[in-house]
Undergrad: 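Below are the structure tokens for one structure; questions will follow.
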There are 2 protein chains.
Amino acid sequence: MGSKKGVSSRDVAREAGVSQATVSYILNNVETVKIRPETREAVLSAIKKLNYHPNQIARGMKLKKSMSVGVVTDRNVTNFYFMKTLEGIRDALMKHNYSITLLFNRSEDHADGEFIEYYSSNRIDGIIFAFASLDDSSLEYMKERNVPFVLVDTLPSGKDVHEVYTDHLNRITEVVSHFVSKGAGKIGYVGPLKSRNDGRVEALRQALERKGVPLDERYIVLCSINDEDMSGSISSLFELSRCPDAVLAGSPRFGFYTLKRALEHGLKVPDELMVTVLGSSNYHNLSHPALSAVEVPLYQMGFEAARVLIELMGGKEVEKKVVLPSELVIRDSS
Amino acid sequence: MGSKKGVSSRDVAREAGVSQATVSYILNNVETVKIRPETREAVLSAIKKLNYHPNQIARGMKLKKSMSVGVVTDRNVTNFYFMKTLEGIRDALMKHNYSITLLFNRSEDHADGEFIEYYSSNRIDGIIFAFASLDDSSLEYMKERNVPFVLVDTLPSGKDVHEVYTDHLNRITEVVSHFVSKGAGKIGYVGPLKSRNDGRVEALRQALERKGVPLDERYIVLCSINDEDMSGSISSLFELSRCPDAVLAGSPRFGFYTLKRALEHGLKVPDELMVTVLGSSNYHNLSHPALSAVEVPLYQMGFEAARVLIELMGGKEVEKKVVLPSELVIRDSS
DNA sequence: GTGAAAGCGCTAACAC
DNA sequence: GTGTTAGCGCTTTCAC
């Protein structure tokens, strides 16, 4: 078992000829206690010599903290979103010595999310929900017990919670302007069913109205996120006697599908059909043509969420809503 | 702080009118000690009543285990691979009450990987490297100290370690057979630089020889994994006086790029150029045409890796190599 | 079949 | 400026 087995702060103390307390003071840079330089030296070199690593479990035991944050996502989460966000979360947490415990939202075994169980058993000190659906009962439960938690998603949840999201609905105005400036008269939307509730369709309607273009309901295609549904529903758009000139896709996946179906129907993109996507993907540059998109700052969203959570866990008051800027990136598809 | 603050096994014991030891025996189903049914009942109902959750930190302290496994990946990991594998890892770990601590391979701050630090400070009991590069010095370090660890990747590492990978090089024979059966005479390869070392190019060469087709070096394109390099290098393939009829792409990303460049050069896929990919992706069905691919069993790979690690952490002897079957899935691109 | 008590490695109040 | 000491909440040996 090598060096791992034994070395404790007691060993370090003995080696350096001081008490365990002194070692602890030095390790934790306790402000209120002054250590003589030579003592500090002795301890530090003993630490080096013995290859001592403070046992975080013991530390957690004493402090009643696990120094870990649960990051919850849905199993079917968009991988790219999650991983990029995770990087931001991690970088923010690392500075404060917090680790990431990965949790999935609802497994077969835990009807109400294992995050509650993990929090109750002191395995995590706080929770970040990243693109995860969160039901009201869990939410209530957490509020009652003052569980520190933060939501990250592209859109606001509409709930009274700490959360980080983007302004990418506001970018839809720019998308429409771009479409119109390129001569599009008929503008459609393709996206998931919930687009009507979460403001995506509404944002498009308003942007169109501002341009004096009415929203034509026939050009709105909403469907569930599985290959058959998407495939069929989207095709129907191109079977209309008069196809739209431009389509806003509610997510990258919908964008790729729209592109694919359009090409199969013999439409030239962007000449006969423009496509722009709401959201980021690793593959926008790899489609033919490359997809224009409203890109979201995933890394920063993760970073900010972690920052807010850390404050929360420290018992501080923090702003409830953090909104980060998205950016319209025009590529070849519009 | 609600129920979280207080309830300990001592409280449960008091409530049930038994000792702390008894509570522990019941909770851990200790075989060697028989509990009277009514005692058990009393304790269980006290647990319910008080909403008691054993403190995992305290438990870890006593057992000298954190009950968490570090899962390490590179920052630039292919998201889809990682997330799918993670699901398998998680399902295997959950049964044994292990949690996942997510780690990245080399941050700016930890030259030699934070996984060593995490292990040394008892934050994790073992490590899974998922599609992560692992340098020899870290490897030696871990072997010396008997750190339990397992590698998961699509190809074998060639090192004497516990690892899980696929046989997807063997599927290349099938890929070639398919190409040839469809009339391809000139077969090329597009992939990352390391393809020559990790056996991908070699496997193709052998598969071709078995079909009596020589490997034409001009049809081998190797380049680094960034947009400019891939873009340029792959295009060169289609600027040859005689283009290949079929291309094996070393990874999904290379496959998408090949497709894109081919279409840009006016080639019809699959009629004038067939493309098949080594590896899995969420987007194979979304390209136009849909990409044929040798799909790898990511979930199972994760599950098996976790299984092996658990045995290892339990001090058991385990098989060093686990090879899982891949599958050639023909879609529209070949 | 159950309980008393020791101790895991750390932190922090208090004593000197 | 540094040491002594009392736990944190659990598991487990040993006694009854």
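Note that the structure is a prediction, hence the values are computed from the model and not measured. Naming convention: chains lettered A, B, ... in sequence-line order (proteins, then strands); numbering from 1 in each chain.
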Undergrad: Among residues 29-38 of chain A, which ones have heavy-atom contacts with DNA chain D below 4.0 Å?
TA: A:V33, A:K34, A:I35, A:R36

Undergrad: Return the set of residues passing side chain to side chain contact (heavy atoms under 4.5 Å, CB included) with A:D136 (not counting sequence neighbours), or none when no residue passes.
TA: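 Listed in chain order: A:K159.
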
Undergrad: Record whether the side chain of A:Y25 comes under 3.5 Å of the base of D:dG3 through a donor-acceptor pair of N or O atoms.
TA: yes

Undergrad: Could you tell me which residues satisfy side chain to side chain donor-acceptor pair (under 3.5 Å) with A:E38, sequence neighbours excluded, listed by chain and number?
TA: A:R36

Undergrad: Quick one: ring pair (Phe, Tyr, Trp, His ring centres under 6.0 Å) partners of B:Y81, sequence neighbours excluded?
TA: B:F131

Undergrad: Quick one: side chain to side chain contact (heavy atoms under 4.5 Å, CB included) partners of B:R59, sequence neighbours excluded?
TA: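 Testing B:R59 for side chain to side chain contact (heavy atoms under 4.5 Å, CB included), a comparison that skips the adjacent residues, returns B:N28, B:Q56, B:L63.
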
Undergrad: Under 4.0 Å between a side-chain N or O of B:K64 and OP1 or OP2 of D:dT11?
TA: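 For B:K64, the contact criterion (side-chain N or O under 4.0 Å from OP1 or OP2 of D:dT11) is not met.
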
Undergrad: Apply side chain to side chain contact (heavy atoms under 4.5 Å, CB included) to B:E304 and list each qualifying residue two or more places apart in sequence or on a separate chain.
TA: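 By the side chain to side chain contact (heavy atoms under 4.5 Å, CB included) rule, B:E304 matches B:V164, B:R307, B:V322, B:L324.
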
Undergrad: Using the side chain to side chain donor-acceptor pair (under 3.5 Å) criterion, which residues pair with A:K62? Sequence neighbours excluded.
TA: none

Undergrad: Hey, can you pull the residues of residues 11-24 of chain B with a non-hydrogen atom under 4.0 angstrom from DNA chain C?
TA: B:G17, B:V18, B:S19, B:A21, B:T22

Undergrad: How large an angle, rounded to 10°, do the end axes of the helix from C:dG1-D:dC16 to C:dC16-D:dG1 enclose when each is built from five base pairs?
TA: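 What I find for the helix from C:dG1-D:dC16 to C:dC16-D:dG1 is an axis angle of 40°.
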
Undergrad: Applying side chain to side chain contact (heavy atoms under 4.5 Å, CB included), can you list everything that pairs with A:A16, at least two apart in sequence or on another chain?
TA: A:V18, A:A42, A:V43, A:A46

Undergrad: Quick one: list whatever passes side chain to side chain donor-acceptor pair (under 3.5 Å) with A:K49, sequence neighbours left out.
TA: A:E15

Undergrad: Can you tell me whether the side chain of B:K62 and the base of D:dG9 have a donor-acceptor pair closer than 3.5 Å?
TA: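 No.
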
Undergrad: With A:K95, which residues qualify under side chain to side chain donor-acceptor pair (under 3.5 Å), at least two apart?
TA: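 Per chain and number, A:K95 pairs via side chain to side chain donor-acceptor pair (under 3.5 Å) with no residue.
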
